[in-house]
Amino acid sequence: MTNCCGFLIRCQRPFPCIRSLKERFSRVEDVHIKVQKTQITYSNRHVFACVSFAKVRKAKERPPVYIVVTFGLAYKKESPRIDIATEPYPNRWIHHVLVSREEEIDGELLGWVEEAAAFSAAK
């Protein structure tokens, strides 16, 4: 596993979710992983996804242990699982999904990340 120590110092309990993401993100071709103090960045030609502890919900609505998976697409993905979607540039939508349990890293989320990787590679 890529050295995630700097990132995990912030909160060690979501480690199984991070490990599961890493294993499942390995399905994406030519992925480069950059571990930083506050996030893990996944890129190919460009950044297509990040894992962080972003505060995408009010404190009382967040579980005690969580990570946030962020990914970019050319359009706004509609789903109740997506906490926030913003369009910082035309046709560039950034989506944030809070994950608190390993089973939330499912085919739907991985499909979105794979789509983001394809979008990033095509730019």
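Between Ala116 and Gly72, the shortest heavy-atom contact is CB-O, 3.1 Å.
Using a 4.5 Å heavy-atom cutoff, the side chains of Val97 and Lys77 are not in contact. Side-chain contact between Cys50 and Lys34 is absent, with no heavy atoms from C-beta onward closer than 4.5 Å. Residues Arg62 and Leu98 meet the side-chain proximity criterion, which asks for heavy atoms closer than 4.5 Å.
Interatomic distance, CZ of Phe71 versus CZ of Phe48, reported as 12.0 Å (0.5 Å rounding). Taking NZ from Lys76 and NE2 from His95, the interatomic distance works out to 7.5 Å, rounded to the nearest 0.5 Å. To the nearest 0.5 Å, atoms NZ (Lys123) and CZ (Arg92) are separated by 3.5 Å. How far CD1 of Ile33 is from CD1 of Ile40: 8.0 Å, rounded to the nearest 0.5 Å. Note: Glu108 CD to Trp112 CH2 = 3.5 Å, rounded to the nearest 0.5 Å. Here CG of Leu109 is found 10.0 Å from CD of Glu114. Values are rounded to the nearest 0.5 Å.
By the criterion of side-chain heavy atoms lying less than 4.5 angstrom apart, applied directly or through intervening Ile, Leu, Val, Met, Phe, Trp or Tyr residues, Ile94 is not grouped with Val56; the two fall into different hydrophobic clusters. No chain of hydrophobic side-chain contacts below 4.5 Å, direct or via other Ile, Leu, Val, Met, Phe, Trp or Tyr residues, connects Val113 to Phe119. Linking ILVMFWY residues whenever their side-chain heavy atoms come closer than 4.5 Å, directly or via other members, leaves Leu73 and Val47 in distinct clusters. Residues Leu110 and Tyr42 are members of one and the same hydrophobic cluster, defined by side-chain heavy-atom contacts under 4.5 angstrom among Ile, Leu, Val, Met, Phe, Trp and Tyr.
Using bins of under 30°, 30° to 60° and over 60° for the plane-to-plane angle, the ring pair Tyr66/Phe53 lands in the perpendicular bin.
With sequence neighbours excluded, the residues that form a side-chain contact (heavy atoms from CB on, under 4.5 Å) with Glu87 are Trp93.
Using a distance-only test at 3.5 Å, with no hydrogens or angles considered, no donor-acceptor pair links the side chain of Thr86 to the main chain of Pro88. Listed for the Ser120 side chain is a donor-acceptor partner under 3.5 Å among the backbone atoms of His46.
With respect to the salt-bridge test (charged N to carboxylate O, under 4.0 angstrom), the residues Arg101 and Glu104 qualify.
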